[in-house]
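Start at 1 and go down the list; that is how both ligands and their atoms are numbered. Start at 1 with the first residue, then count along the sequence.
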Amino acid sequence: MAEIHDQFDTILILDFGSQYSHLITRRCRELNVYAELQPCTQKIKDINFKPKGIILSGSPYSVYDNDAPRVDPEVFTLGVPVLGICYGLQEMAWNLGGKVTKCDHREYGFAQLGISKIGSGNTSVDALFEGLGEEMQVWMSHGDQLSSIPEDFHVIGQTPTAPFAAIAHNSKPFYGIQFHPEVTHSPRGREVIGRFVLNICECKPSWTMEEFIGKEIARIRAICGTKGRVIGAVSGGVDSTVAAKLMHEAIGDRFHAIMVDNGVLRLNEAKQVHTMLNEDLGVNLTVVDASELFLSRLKDIEDPEQKRKIIGNTFINIFEAEAAKIEAAAEEEEKAGGDKKGRVEWLLQGTLYPDVIESISFKGPSATIKTHHNVGGLLKDMKLKLIEPLRELFKDEVRALGRLLSIPAHLVQRHPFPGPGLAIRILGPVTREQVKILQHADNIYIEEIRKANLYNEISQAFAVLLPVKAVGVMGDKRTYEQVIALRAVQSEDFMTADWYVFPADVLRRISSRITNEVEGINRVTYDISSKPPATVEWL
Ligand SMILES: Nc1ncnc2c1ncn2[C@@H]1O[C@H](COP(=O)(O)OP(=O)(O)OP(=O)(O)O)[C@@H](O)[C@H]1O
Ligand SMILES: O=c1[nH]c(=O)c2[nH+]cn([C@@H]3O[C@H](COP(=O)(O)O)[C@@H](O)[C@H]3O)c2[nH]1
Ligand SMILES: NC(=O)CC[C@H](N)C(=O)O
Ligand SMILES: [Mg+2]
């Protein structure tokens with residue numbers, strides 16, 4: 001089976017636990033080169049492809065710590081270029097005979113990197129810094145540094161406090177840099193990564209969504225064979241819509257899209273999604289109303305993790321039941337003399353790369369903050385096999401893919417909506433009455449955001465129903481009712497986010513409409529917390 005890394009030149013990034021590791025992956029992909037992040041514990045001999053280059057990430061550890069993560073020495077015998085960033089540089093030097101010690105002055109922030117002249121006549125610079133001038137601003141974050149470089153290496157850049165800020169091997173394509181080229185605070189960092197990936201590793205910049213579509217469709221066809229059938233969990237969100245469209249292109253009517261009405265969707269959502277997929281995209285979608293089952297299982301449940309797990313598991317129960325129904329119908333058709341149909345073996349999900357990255361840290365999955373229903377909430381003894389065509393992609397790549405598949409812009413730009421839906425936006429027990437109140441308030445909120453033309457400026461906006469009551473006065477009467485909190489954030493990848501600054505008049509309109517129109521609400525507040533320390537959702 002052709003995997004993505006067999007089809008595109010690939011840079012392997014080994015993750016030593018830096019908070020910026022996924023950014024290195026992003027920067028390579030922005031150069032149209034496919035990059036994959038793997039834990040540093042990954043043994044090179046067990047990798048089933050040959051990367052064109054390897055990048056070693058930073059790390060919170062010091063190389064001289066007893067429990068420091070170690071690089072597989074085979075990285076240096078594979079015969080491909082290697083770039084160490086920060087800890088990656090230190091680990092490379094440590095392995096190849098250099099010295100690393102705690103520095104007197106921790107460097108955290110901007111530094112000016114002087115690029116060394118090298119070669120005969122001292123006129124040229126190293127290929128890593130080709131064409132980048134004599135100096136550049138870089139961003140540092142380290143408390144250790146090289147106190148001597150390994151034999152066979154030379155200095156290619158330095159800062160006033162770090163004489164070995166950039167080094168290169170005398171004859172092999174090994175490089176190490178103390179600064180972080182992957183963060184935007186290193187303005188020319190992208191170019192440095194470009195020099196390594198494109199010039200030194202000689203990767204072809206062929207990772208484009210156009211190329212991806214063709215190759216992924218071929219891959220799906222090979223996986224499913226000529227008869228195999230797939231049911232798809234489709235929510236109307238960007239990810240599953242794009243995955244569904246791709247699947248439809250690949251196997252046509254052998255793909256059955258299922259949307260589950262779990263009773264905690266937004267106002268009129270099931271109807272809208274049904275129209276959108278069937279009419280706008282030509283994908284055959286069945287809406288299964290399982291709201292009764294979900295709400296009964298959620299009855300009296302207040303704990304956020306319990307809510308998430310119940311919803312994740314119930315989703316799978318429904319998909320398995322639907323798969324069985326489709327198979328039973330096919331059997332009936334066959335008995336009546338119809339063609340023999342393939343089994344429903346696969347379940348399509350719109351899982352993205354960030355979901356995967358979160359579970360691959362070298363120490364095992366990073367501390368669980370919350371269980372995303374489609375990753376941690378799956379059933380253990382599930383019969384359907386997963387097919388996840390987007391699991392290598394970031395959200396903006398998925399959006400680009402959607403545009404290429406002619407999915408309308410308003411759909412591609414939709415704010416994300418979590419699978420557990422309003423259940424994680426109703427703090428306290430979930431009941432039909434509470435769902436109704438929140439649906440109504442949320443609908444007004446989004447309507448006003450659209451009217452003010454702010455929808456595309458905001459990454460995600462939604463209302464939350466708080467489990468408290470407050471006193472108010474309406475028509476000269478005392479009220480004692482619930483409170484709505486409004487949330488709106490801007491974020492690139494939802495790993496971090498900042499609250500959105502609304503024009504006051506928009507907030508005023510939203511608040512006045514919600515308190516006037518939504519029965520049971522007499523107060524509206526606005527959430528001004530960033531992530532971290534908060535998260536995007538309240539539960
Ligand atoms: N109501 C639903 N019915 C069927 N499948 C669902 C439903 N909600 C979520 N899913 C499945 O769970 C996956 C993950 O949900 P998630 O919200 O992350 O993605 P999405 O809904 O496709 O896109 P977005 O992130 O833009 O909302 C979806 O891709 C889809 O496969
Ligand atoms: O499909 C989903 N299933 C989930 O269980 C889930 N939990 C959070 N989210 C979405 O993930 C992004 C980050 O949210 P948090 O900061 O709350 O973790 C935000 O976009 C959230 O809406 C989910 N999406
Ligand atoms: N950002 C990093 O990779 C830091 C590496 C190491 N912990 C140091 O302080 O120097
Ligand atoms: Mg969604």
Side-chain angles (χ1 to χ4, degrees), residues 15-21 56-65 68-69 84-91 94 100-103 106-108 139-146 162 176-180 182-183 231-244 247 257-266 269-270 273 277 285-291 294 311-312 314-316 318-319 322 347-352 354-355 372-375 377-378 386-391 395 398-399 402 411-424 459-460 462 494 536-537:
D15 178 21
F16 291 84
S18 159
Q19 61 194 119
Y20 308 121
S21 299
L56 313 176
S57 82
S59 175
Y61 286 84
S62 291
V63 290
Y64 47 76
D65 290 340
I85 295 175
C86 200
Y87 183 91
L89 152 77
Q90 297 165 3
E91 175 66 6
W94 183 262
V100 179
T101 47
K102 207 170 192 52
C103 42
R106 260 172 62 88
E107 267 188 304
Y108 188 85
W139 197 80
M140 297 277 197
S141 168
H142 65 115
D144 304 325
Q145 67 181 32
L146 266 55
I177 51 186
Q178 185 61 70
F179 62 92
H180 288 271
E182 71 276 28
V183 303
I231 73 166
V234 173
S235 63
V238 183
D239 314 336
S240 52
T241 304
V242 171
M247 199 49 98
I258 310 272
M259 180 194 199
V260 178
D261 182 348
N262 54 11
V264 283
L265 298 175
R266 287 171 291 194
E269 185 145 38
V273 173
L277 267 105
L285 175 95
T286 310
V287 176
V288 178
D289 182 359
S291 52
F294 277 89
I311 292 175
T314 310
F315 266 131
I316 300 296
I318 302 286
F319 294 130
E322 285 306 304
L347 172 67
L348 169 85
Q349 284 208 130
T351 308
L352 299 193
D355 306 339
H372 282 226
H373 77 280
N374 56 324
V375 183
L378 293 172
L386 287 182
I387 181 163
E388 301 178 313
L390 311 179
R391 66 180 282 120
K395 192 100 184 176
V398 172
R399 290 201 158 119
L411 249 169
V412 171
Q413 285 311 122
R414 269 185 105 181
H415 293 176
F417 180 68
L422 303 185
I424 54 169
S459 309
Q460 190 173 8
F462 53 88
F494 297 98
V536 175
E537 302 288 345

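At a heavy-atom cutoff of 4.0 Å, ligand 1 is contacted by the backbone of Ile258 but not by its side chain. Residue Arg106 does not touch ligand 3, judged by heavy-atom distances below 4.0 Å. Only backbone heavy atoms of Tyr61 (N, CA, C or O) come within less than 4.0 Å of ligand 3; its side chain stays farther off. Neither the backbone nor the side chain of Gln145 has any atom closer than 4.0 Å to an atom of ligand 3 (non-hydrogen atoms only). Looking at Val234 against ligand 1, only its backbone comes within 4.0 Å, counting heavy atoms. Neither the backbone nor the side chain of Gln460 has any atom closer than 4.0 Å to an atom of ligand 1 (non-hydrogen atoms only).
Residue Lys395 holds the heavy atom nearest to atom 26 (O) of ligand 1 of all those in Lys395, Arg414, His415, Glu269. Atom 7 (C) of ligand 1 has its nearest heavy-atom neighbour, among Ser240, Gly232, Ser235, in Ser235.
Annotation: side chain of Ser18 is not in contact with side chain of Ser59 (no heavy-atom distance under 4.5 Å). Residues Ile258 and Leu285 fail the side-chain proximity criterion, which asks for heavy atoms closer than 4.5 Å. With contacts defined as side-chain heavy-atom distances shorter than 4.5 Å, the pair Val100/Gln145 does not qualify. Looking only at side-chain heavy atoms (C-beta outward), Cys86 and Phe179 stay at 4.5 Å or farther from each other. Side chains of Met259 and Leu265 form a contact here, defined as non-hydrogen atoms less than 4.5 Å apart. Put simply, the side chain of Glu537 reaches to within 4.5 Å of the side chain of Pro418, judged on heavy atoms. Pro416 is listed as a side-chain neighbour of Lys395, based on a closest heavy-atom distance under 4.5 Å. Using a 4.5 Å heavy-atom threshold, the side chains of Val242 and Val238 count as touching.
Atom 9 (O) of ligand 3 has Gly143 N, 2.8 Å as its closest protein atom, hydrogens excluded (heavy atom only). The nearest protein atom to atom 4 (C) of ligand 3, hydrogens excluded, is given as Ser59 O, 3.2 Å; this is a heavy-atom distance. What sits closest to atom 2 (C) of ligand 3 on the protein, heavy atoms only, is Cys86 SG, 2.9 Å. For atom 1 (N) of ligand 3, the nearest protein heavy atom (residue, atom name, distance) is Ser141 O, 2.9 Å.
Under the 4.0 angstrom criterion for non-hydrogen atoms, Ser18 is not in contact with ligand 3.
For ligand 1, one of its N or O atoms has an N or O atom of Asp239 under 3.5 Å away. Considering backbone and side-chain N/O atoms, Leu348 never comes within less than 3.5 Å of an N/O atom of ligand 1. Checked against a 3.5 angstrom limit, the closest N/O atoms of Gly350 and ligand 1 fall inside it. Taking only nitrogen or oxygen atoms, main chain and side chain alike, Phe315 does not reach within less than 3.5 Å of ligand 1. Looking at Val238 next to ligand 1, an N or O pair under 3.5 Å apart turns up. Between Met259 and ligand 1, a contact under 3.5 Å exists for no N or O pair.
Proximity of a side-chain donor or acceptor of Arg399 to a complementary backbone N or O of Asp239 within less than 3.5 Å is not detected. No donor-acceptor distance shorter than 3.5 angstrom exists from the side chain of Ser291 to the backbone of Gly263, with no hydrogens or angles considered.
The environment of Tyr108 atom OH is sparse: at most 12 non-hydrogen atoms of other residues, nucleotides or ligands sit within 6.0 angstrom.
Within ligand 3, counting atoms from 1 as listed, the ones closer than 4.0 Å to a heavy atom of Gly58 are 3 (O). Of all atoms in ligand 3, listed by their number and element, those nearer than 4.0 Å to a heavy atom of His180 are 1 (N). Every atom of ligand 3 with a heavy atom of Pro60 under 4.0 Å away is listed here by number and element: 7 (N). Listed by number with element, the atoms of ligand 1 under 4.0 angstrom from any heavy atom of Gln349 are 31 (O). Distances below 4.0 Å separate heavy atoms of His142 from the following atoms of ligand 3: 8 (C), 9 (O), 10 (O). Those atoms of ligand 1 that come under 4.0 Å of a heavy atom in Phe319, given as number and element, are 4 (C), 5 (N). Near Gly419, meaning under 4.0 Å from any of its heavy atoms, are these atoms of ligand 1: 8 (N), 9 (C), 17 (O).
For residue Pro418, no N/O/S atom approaches the Mg ion (ligand 4) to within less than 2.8 Å.
Ser240 and Ser235 share a side-chain donor-acceptor pair at under 3.5 Å. With hydrogens and angles left out, the side-chain atoms of Ser62 and Asp144 include a donor and acceptor closer than 3.5 Å.
The distance between the ring centers of Tyr87 and Trp94 does not fall below 6.0 angstrom. Ring to ring, Phe294 and Phe315 are close: their centroids are under 6.0 angstrom apart.
The side chain to side chain contact (heavy atoms under 4.5 Å, CB included) with Phe319 is formed by just one residue from the set Leu347, Thr314, Leu348, Val288; it is Leu347.
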